[in-house]
Amino acid sequence: MHCIKKITDDLIWVGANDRRLAMFEGVYSVPGGVSYNSYLLLDEKTVLFDTVDKAVSRRFLENVSFALDGRRLDYLILQHMEPDHSAALEELLLRYPDVKVVCNAKTMTLLNQFFDLDVDAVIVKEGDTLNTGRHTLNFVMAPMVHWPEVMVTYDSTDKILFSADAFGTFGALNGALFADEVDFNADYMNEARRYYTNIVGKYGTQVVSLLGKAATLDIQMICPLHGFVWRERFSDIISKYLLWGNYQPEENGVMIAYASVYGNTENAAEILSSMLRSKGIKTVMFDVSVTHASEIIAASFRWSHLVFASTTYNAGIFVSMEEVINDLVAHNIQNRHVAIIENGSWAATSGGLIREKLSKCKNINILEQCVSIKSGLKDAQVADLEAMAEVIAADVAALDEAGSGTDDGGLGVAADASNVDPKAMFKFSYGLFVLTAKDGDKDNGCIINTAIQITATPNRISIAVNKANFTHDMIVKTGLFNISILSTSAPFRIFEQFGFHSGSDTDKFADSAYDERSANGLRYVPEHVNCMISGKVVDSYDYGTHTLFIADVTEAIVLSNEASVTYQYYFENIKPKPVPPGEDKKGFVCKICGYVYEGDSLPEDFICPLCKHGAVDFEPL
Ligand code: FEO
């Protein structure tokens, strides 16, 4: 009996789930099952995107037949030839002999290797399109994500990306189809990580390349070959792919993997973990003989610091630990801090061998001091473990301080705070803008300094907004905003009107002599500005104190030819100079708005009550 799911008016999921499979690709356990997705587009021409694994081919063929409802099948697009997506090809061609296969040249080579079929395919390459009536399908090559022939398809009509293996996850769909129908972060992100890191993890460069291509597209939906369809909150998965593809950790903390025959190496690992916890460092632990290597690979991509504790076995690394280490090297692990504990009753070699293997990986910083145990940890060696814990804890704290890890989704190698002069940030040529929003009958506005155009096609901008601003919450709720670009004639009163108090308890427009609104119904500032731009939010990213909103431009009006205000112009020509204090007065003045904090020292976490800038923007009176 068919079991299909409607995605849009003319797009249907015709895939199937498999919960009986023990090991995906013969290697990875899938206790939650796996879905093999296939999609049928019912345009003037009918188009099927990929097939499925042989284990579920019967259900798939029933689905295709039912969804076609008697229509002929015109095209089969083969995006990926791995048999979990192509195994039903032969049976499909027997049932639909007139279907035209669409694929690239590399796919054709693999098709002829896997099958003895006489297929007369339409061969496509990067940038080629296929018009099926209302829809235009654009082919984008994605080699090594995760085989060399892989391509993805962008439907520029409905703005859907058919992403092949990218953005997939282990786990059957269990009746849902869209990621927003489930608690993806809580229930599926671990499996998405395990899927990515083990299946595609080796090919981070190629994944980042594909993400770069995808960033130029207006994407409203992502349809992968495994797991859920994404139609909102794309940043949940894309932010992870950016980290994973760049081999950057998601969290600052320590993954400890140990191999222990009689519990003595485990004992040392437990003590180290306990010491780290006492220092406030997050830890996770795995026994490599119990936990499958794929779990440990996934955890190694997640955490910033890795500790490997292994007994010596047959003069080498313990077997299950060696498998994990080899797997990590094969999956191209990079940018991690590593510490090693070895054990050996008469000739400990495991530590040196682990070091040798991991040294082949890029930017792996291995702690020089290995803790070496002979049979069991002795009192005298507790200090060695404590020293290891100290170094790791300080290192993790430094990463936290530098802001890498989960919160910033940082893509670079961890920053060294001592190398960052805060004054350098003022060399950016910021503009100044009145950001306005509306929630119900309430209008509000604030001053921001970060608004830029990202792309011209589509016309898309970004703004960064401090969460302490009331306007921020309005934009989160409504998804709409205007920016009025201030020009050089702007008087200080505009900055006072919008910048130095909260709209939560005042009406910032109460004394305005104007009431101009844009087509979206929001107010804008018509005087002392040279332009008004309306934005409709299409995505947002949480960066701790601020949210970065990405928005389509829905309206833009030029209001004057005056030059835009820059930060420097504001400081030199608009902001009033602070009144000199009395001789004995001590304090700090906000360089942004002139607010004076009286006292001998300024708390590091002080936030200006007027303009919401931090202590770094204050200078002594
Ligand atoms: Fe789901 Fe690379 O196959």
Side-chain angles (χ1 to χ4, degrees), residues 13-39 48-57 59-60 76-90 92 103-104 106-111 113-115 139-153 161-173 177 179 188 191-211 214 222-230 237 241 244-245 294 297-298 301 327 330-332:
W13 177 84
V14 291
N17 296 292
D18 183 359
R19 295 179 189 79
R20 303 187 75 177
L21 181 67
M23 302 296 265
F24 184 80
E25 292 186 357
V27 185
Y28 309 111
S29 62
V30 278
V34 65
S35 77
Y36 303 106
N37 297 338
S38 172
Y39 304 94
L48 186 65
F49 292 85
D50 298 289
T51 74
V52 296
D53 189 81
K54 62 179 182 302
V56 295
S57 62
R59 180 67 19 79
F60 160 74
L76 167 65
I77 296 177
L78 292 177
Q79 301 186 110
H80 187 13
M81 271 306 294
E82 191 163 13
D84 56 330
H85 307 295
S86 67
L89 173 65
E90 189 165 16
L92 191 89
C103 65
N104 61 50
K106 284 182 188 155
T107 304
M108 204 61 215
T109 302
L110 286 167
L111 191 155
Q113 289 174 196
F114 277 107
F115 298 97
F139 301 107
V140 179
M141 301 302 125
M144 303 319 297
V145 186
H146 102 271
W147 274 19
E149 87 295 358
V150 170
M151 66 180 190
V152 301
T153 309
L161 179 67
F162 297 90
S163 63
D165 273 345
F167 309 115
T169 180
F170 289 137
L173 296 175
L177 178 61
Y188 289 92
E191 283 297 78
R193 182 186 300 105
R194 194 166 68 90
Y195 172 83
Y196 171 87
T197 54
N198 286 279
I199 305 293
V200 198
K202 181 179 177 65
Y203 307 109
T205 305
Q206 292 85 347
V207 169
V208 171
S209 169
L210 176 60
L211 290 173
I222 299 173
C223 293
L225 288 178
H226 301 286
F228 297 95
V229 170
W230 290 83
I237 191 70
Y241 264 64
W244 298 336
S294 65
I297 298 297
F301 272 69
D327 243 12
H331 285 85
N332 221 0

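Both ligands and their constituent atoms are indexed starting at 1 by order of listing. Numbers here are sequence positions counted from 1. Note that these values count all heavy atoms, side chains included, but never hydrogens, waters or copies made by symmetry.
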Among the N, O or S atoms that Asp84 has, which is closest to atom 1 (Fe) of ligand 1? OD2
Please give the atom name: the N, O or S atom of Asp165 nearest to atom 1 (Fe) of ligand 1. OD1
Using ring centroids (six-membered ring only for Trp), state whether Phe60 and Tyr36 fall under 6.0 Å. no
Do other residues, nucleotides or ligands put more than 12 heavy atoms under 6.0 Å from Lys202 NZ? yes
Just to confirm my numbers, could you give the angle made at atom 2 (Fe) of ligand 1 by NE2 of His80 and OE1 of Glu82, rounded to 10°? 100°
Looking at side-chain heavy atoms only, is the closest gap between His331 and Thr197 below 4.5 Å? no
Just so I know, are the side chains of Phe162 and Ile77 near enough to count as touching, which here means a heavy-atom distance under 4.5 Å? no
Is the Phe167 ring parallel, tilted or perpendicular to the Tyr241 ring (thresholds 30°, 60°)? tilted
If you stand at atom 1 (Fe) of ligand 1 and look out to NE2 of His226 and NE2 of His85, what angle do those two lines make, to 10°? 90°
Metal proximity, His146 vs atom 1 (Fe) of ligand 1, N/O/S cut-off 2.8 Å: no
